[in-house]
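Okay, structure first, notes after.
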There are 2 protein chains.
Amino acid sequence: MPAKVKKTNPSMLDVARFAGVSIATVSNVINRPEKVSEATAEQVRAAIAELGFVRNDAARSLATGTTSSIGMVLADLDNSLFVDMAHGAQRGVDAVGLRLLLGNAACDLTRQDDYLRLFDEARVGGVLLSPMEDSLAGIERMRSHGRPMVLLNYDQDGIDCCTVLVDNEEVGYLAARHLIETGRKRIGFVAGRDYYQPVHARRVGVQRAVREAGGARLEEIDTGGLDFEDGLAVARALGERPPGQRPDGIVAVTDDIANGIAEGLHTAFVAEVPGDISIVGCEDNRSARSGPVALTAVQLEGVRMGQAAAELLLEEMNAPAGEHRHRTVTVRPGLVVRASTAVAPLGV
Amino acid sequence: MPAKVKKTNPSMLDVARFAGVSIATVSNVINRPEKVSEATAEQVRAAIAELGFVRNDAARSLATGTTSSIGMVLADLDNSLFVDMAHGAQRGVDAVGLRLLLGNAACDLTRQDDYLRLFDEARVGGVLLSPMEDSLAGIERMRSHGRPMVLLNYDQDGIDCCTVLVDNEEVGYLAARHLIETGRKRIGFVAGRDYYQPVHARRVGVQRAVREAGGARLEEIDTGGLDFEDGLAVARALGERPPGQRPDGIVAVTDDIANGIAEGLHTAFVAEVPGDISIVGCEDNRSARSGPVALTAVQLEGVRMGQAAAELLLEEMNAPAGEHRHRTVTVRPGLVVRASTAVAPLGV
DNA sequence: CACCCTTGTTTAAGCGCTTAAAAGATTGCT
DNA sequence: AGCAATCTTTTAAGCGCTTAAACAAGGGTG
C-alpha cells in the first residue's frame with residue numbers, strides 16, 4: 001500500500017537541510033535548546049516532526065561514549081523473586097533517569113552469558129545480575145572489562161563485586177519463630193542437603209529459633225531436591241506415621257516444597273492445614289500456586305533487593321575511577337502470614 | 001586497589017597494533033574468519049584475549065546499519081501472562097539468533113512510551129508490544145517510523161499492524177462448557193461492564209455455551225471492577241441468598257475475581273468450593289494466588305502468543321520493502337482443571 | 001567609530017567499527 | 001623467467017552523531 005518506500009530513516013543531516021540550518025544546530029535543538037534562538041528551534045522542531053526523525057542512538061553513544069541504559073540479567077522471570085528485583089531496580093534506576101533493559105536467562109547459563117556479552121558490547125552503564133549457580137566465569141569476564149556490576153543473591157567468596165544478599169539465617173529464624181509463637185511445639189524443617197548455601201543458612205536460623213524458644217522440638221527432614229514433588233513425598237512419609245509422631249509445624253525451605261506438602265497432606269486426607277499442621281514457606285514466590293492453601297511465607301523482599309542493587313550500581317558508576325570500594329548490603333526478610341498457619345488448637 | 005586505571009576500553013585499533021596487523025584484519029578475524037590465514041587469526045585472537053577487547057556494538061551497528069536485537073515492551077511483568085509471552089517470544093527469536101530485550105512498563109503508559117522510544121532510537125530490528133489501553137499514539141508513532149512491530153492482545157480497529165490475539169469468545173465458551181459438562185446447571189457469569197473488549201467477548205462465549213447445552217440456566221452478575229475485592233463483594237451478595245438461589249458454577253471474567261469469590265465464600269462459610277459451587281477463572285494467571293483454592297482456569301496461552309508474535313515480526317522484518325501484508329493470528333485458549341471445579345454432587 | 005561582549009550558528013574533527021576496492025604475496029603454468 | 005590467478009592484507013571512505021572552536025552579527029562602551 002505505501003507507495004513511498006522509506007529506504008532509510010532520516011538523519012540529522014536531512015533535518016538540517018529541510019530546516020535550512022546546519023547539522024550542529026539540529027543537535028543543539030535536541031540536546032541544548034538554550035543555545036538556540038526560539039525561531040530556529042521552532043523550524044527545526046517542525047522539520048523533525050515532518051520527517052519523523054528519530055535520533056540514532058548508536059551514533060550518539062559512539063560520539064559521546066555514554067549510554068543511558070543499564071542492563072539487568074535475571075535468572076528466571078517465572079520466579080516472582082526476580083520480577084520483584086526488576087521492580088526494585090527499575091525504581092532505583094528511574095530516580096536518576098536511566099533506563100533498565102531486562103534479559104531473561106530463563107535458567108539457561110548460556111543465555112545468561114549471551115546477555116552479559118550483549119550488555120558488555122552495548123557499553124551499558126552498568127549491569128545488574130542475579131546469577132545462576134556456576135556463573136563465575138561470566139562474572140569475572142565482566143569484571144575484567146571494568147564494567148560496573150552488582151550481584152544479587154549470590155553469596156560466594158572471592159567475587160570482586162558489590163552484592164545484595166538476603167539474610168537467609170533470618171529467613172529460617174522468622175519462619176520457625178512464627179510457628180512457635182502460634183503454639184506449635186514439634187517443628188519440622190524440610191530441606192534438601194546443604195550443598196546450596198541458602199538452605200544451610202535457613203537451617204541454622206530454624207535451629208536458633210527452636211533453641212531460643214525452649215519448649216519446642218526440632219526434627220530435620222531431608223528431601224532429595226527442592227521441588228513440589230519432594231514436598232509430596234514428604235507428605236506421604238508423614239502419612240505413614242501415627243498423628244502424634246508428626247510435626248505440628250513445618251518450615252519448608254522452598255515454597256514449592258511447602259505447597260507439595262500441603263497438597264500431599266490434603267489430597268491423602270493425612271492432616272488438615274493449618275488445623276493439624278501449620279506450614280511456612282521460605283520465599284514467598286508469587287508463582288508457586290500449585291498448593292491448595294494460601295501459603296504463609298517468609299518473604300525475600302525482592303523489591304528492596306533490586307533497589308539496593310541499583311543504588312550500589314549507581315554508586316560504583318559515579319565513583320571516580322579507582323575510588324570505588326565494593327560493599328555488600330544485606331536485606332532483612334519479612335514474614336507474610338496467610339492461610340497455611342494458624343494458632344495451634346488447644347490441647348493438641 | 002587496581003593501580004592501573006583503565007581509562008577506556010581497548011578498541012580494535014589497539015588490538016591491531018598489539019597484534020601487528022591492520023584494523024581491517026582484526027575485523028575480519030571477528031566477522032569473516034575464513035578470509036584470514038590461520039596464523040594471523042591466532043595472533044589477533046591472542047591480542048583480543050590479552051587486552052580484554054570487547055567489540056563496541058554502537059560503532060558496529062552504526063557502520064552496518066543493523067542490530068541483532070529486538071525489543072519487547074510488556075505491560076506488566078507481575079502478570080504471568082506477559083512473562084509467558086516473553087518466553088514465547090524468546091523462543092521464536094532465538095531460532096534465528098536474535099536477542100530479546102525486555103522493557104517492563106509496569107502499568108505505566110509513560111514508561112511504555114519511553115521504552116518504545118528507546119527501542120526506536122536503538123534501531124532494534126523490531127518491536128513486540130503488549131500494549132496497555134490507550135496506546136494508540138505510541139503505536140502510531142512507531143509505525144510511522146517504519147519500524148516493524150507486532151501487537152499482542154490488542155484488539156482494536158484501525159491499527160495498521162500485525163497482531164496476535166486470543167480467542168476470548170472461546171475463553172468464555174470453554175469455561176462455561178466445563179462447568180456444564182461437570183454437571184453444573186445454574187451458571188453464573190461474573191464480570192464488570194463490557195467497556196473492556198475481552199470481557200464482552202468472554203460473555204458472548206459463555207452465553208453460547210449455555211445456549212448450546214440446553215439444560216443450564218445463565219445468570220449474569222455485574223461487578224464494578226475486575227479485582228479481588230469485586231470478587232469478595234460478589235461472595236457476600238451470594239451469601240445473602242438462600243442456597244438454592246445461588247449458581248452452582250461460576251465463570252469469573254478474571255482470575256482475581258475468581259479468587260475473591262472463592263475466598264469470600266470460604267471465609268464466610270457460605271459455600272464449599274468446589275463442592276457447592278465450582279469456579280472457573282479466565283486467565284490462568286500464575287501470580288493470582290490470593291485465593292484459598294487452586295483455580296481451574298482457561299489459559300490464555302501466552303507462550304504461544306509470544307511465539308506467534310515473534311514469527312510475525314520476523315516475517316515483517318524479512319519481507320522485501322513494501323511487500324509486507326499485515327496479518328492477525330488468533331490463538332486458541334485451553335482449559336486447565338484444578339481444585340476449584342469438580343463434578344456436581346448427585347441430586348444437588 | 002574602533003573595541004569588546006553577547007548571542008547564535010557553522011565548521012570540522014572525531015567516536016570505533018565495516019567493507020569495497022586496491023595493493024601485495026604466493027603460487028602455478030608456460 | 002614472466003605472467004595470470006589466487007589468497008591475504010591494507011587503505012580509506014563512510015555510518016550519524018557530538019562538541020570544541022571558529023565565525024558572524026549585533027549591541028553597548030568609552
Side-chain angles (χ1 to χ4, degrees), chain A residues 6-45 47-48 51-68 117-118 120-125 145 147, chain B residues 6-45 47-48 51-68 117-118 120-125 145 147:
Chain A
K6 295 203 179 180
K7 205 59 251 139
T8 175
N9 305 50
S11 73
M12 264 193 178
L13 191 58
D14 298 320
V15 173
R17 278 205 268 263
F18 191 95
V21 298
S22 85
I23 185 177
T25 298
V26 177
S27 176
N28 281 334
V29 169
I30 294 175
N31 301 308
R32 303 117 102 187
E34 76 282 0
K35 310 227 113 192
V36 178
S37 77
E38 187 47 40
T40 31
E42 197 41 60
Q43 279 178 53
V44 170
R45 274 188 233 110
I48 287 177
L51 267 39
F53 166 77
V54 176
R55 138 133 94 10
N56 183 326
D57 189 58
R60 187 190 113 94
S61 77
L62 181 56
T64 63
T66 65
T67 358
S68 62
R117 204 179 317 269
L118 175 69
D120 206 6
E121 294 189 352
R123 299 285 193 272
V124 294
H145 296 340
R147 192 156 310 287
Chain B
K6 294 204 179 180
K7 204 59 249 139
T8 175
N9 305 51
S11 73
M12 263 193 179
L13 191 57
D14 298 321
V15 174
R17 280 205 267 262
F18 191 94
V21 298
S22 85
I23 185 178
T25 298
V26 177
S27 176
N28 280 335
V29 169
I30 295 175
N31 301 306
R32 304 117 103 186
E34 76 283 0
K35 311 226 112 190
V36 179
S37 77
E38 186 47 39
T40 31
E42 197 40 61
Q43 278 180 54
V44 170
R45 274 187 232 110
I48 289 178
L51 266 39
F53 167 77
V54 177
R55 142 136 89 9
N56 183 326
D57 190 59
R60 187 190 113 94
S61 80
L62 180 56
T64 62
T66 65
T67 358
S68 62
R117 204 179 317 270
L118 175 68
D120 206 4
E121 295 189 351
R123 300 285 192 272
V124 294
H145 296 162
R147 192 156 311 286

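If you're wondering where the values come from, they're calculated on a predicted model, not measured in any experiment. The chains referred to below are lettered A, B, ... by the order of the sequence lines, with proteins before strands, and numbering in each begins at 1.
Across all strands shown, S11(A) has heavy atoms under 4.0 Å from sugar-phosphate atoms exclusively, and none from any base.
A16(A) approaches S22(A) most closely through the heavy-atom pair CB-C, 3.7 Å. The minimum heavy-atom distance between S11(A) and F53(A), with the atom names listed, is C-CE1, 3.6 Å. The minimum heavy-atom distance between T40(A) and S37(A), with the atom names listed, is OG1-OG, 2.7 Å. Between A58(A) and L62(B) the shortest heavy-atom distance is CB-N, 4.2 Å. When every heavy atom of V26(B) is checked against every heavy atom of V21(B), the shortest pair comes out as CG2-CG2, 4.0 Å.
Here the P atom of nucleotide dG16(D) and the CG atom of L13(A) are 9 Å apart, to the nearest Å. Rounded to an integer number of Å, the gap from CE of M12(A) to C1' of dC15(D) is 14 Å. Following rounding to the nearest Å, E121(A) (CD) and dC17(C) (P) show an atom-to-atom distance of 10 Å. The CD1-P distance, from I48(B) to dG16(C), rounds to 16 Å in whole Å. Atom P of nucleotide dG16(C) and atom CZ of R123(A) are separated by 9 Å, given to the nearest angstrom.
Near DNA chain D, meaning a heavy atom under 4.0 Å away, the residues from residues 30-39 of chain A are N31(A), R32(A). A heavy-atom distance below 4.0 Å to DNA chain C is reached by these residues of residues 55-65 of chain B, ordered by number: R55(B), N56(B), A59(B), R60(B), A63(B), T64(B). Taken residue by residue, residues 15-25 of chain B places heavy atoms nearer than 4.0 Å to DNA chain D at V21(B), S22(B), A24(B), T25(B).
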Could you list, one pair per line, each protein nitrogen or oxygen that sits under 3.5 Å from a nitrogen or oxygen of nucleotides 22-24 of chain C, together with the distance?
none

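Here the side chains of T25(A) and Q43(A) are not in contact, with every heavy-atom distance at 4.5 Å or above. Looking only at side-chain heavy atoms (C-beta outward), V124(B) and R147(B) come within less than 4.5 Å of each other. Looking at heavy atoms from C-beta onward, R60(A) lies out of side-chain contact with T67(A) at the 4.5 angstrom threshold. Within the 4.5 Å cutoff, side-chain heavy atoms of V54(A) are placed close to those of R123(B). Within the 4.5 Å cutoff, the side chain of I30(A) has heavy atoms near those of the I48(A) side chain. You'll find the side chain of V36(A) stays beyond 4.5 Å of the side chain of P33(A), heavy atoms only.
Counting only residues at least two apart or on different chains, the salt bridge (charged side-chain N to carboxylate O under 4.0 Å, His left out) pairs with a member in residues 29-42 of chain A are E38(A)-R45(A), E42(A)-R45(A).
Between the CG atom of L118(B) and the CG atom of D57(A) there is a distance of 7.0 Å, given to the nearest 0.5 Å.
A rotation axis mapping the C1' atoms of four pairs onto the next four is fitted at both ends of the helix from dC1(C)-dG30(D) to dT30(C)-dA1(D) over five pairs, and the angle between these axes is 60° to 10 degrees.
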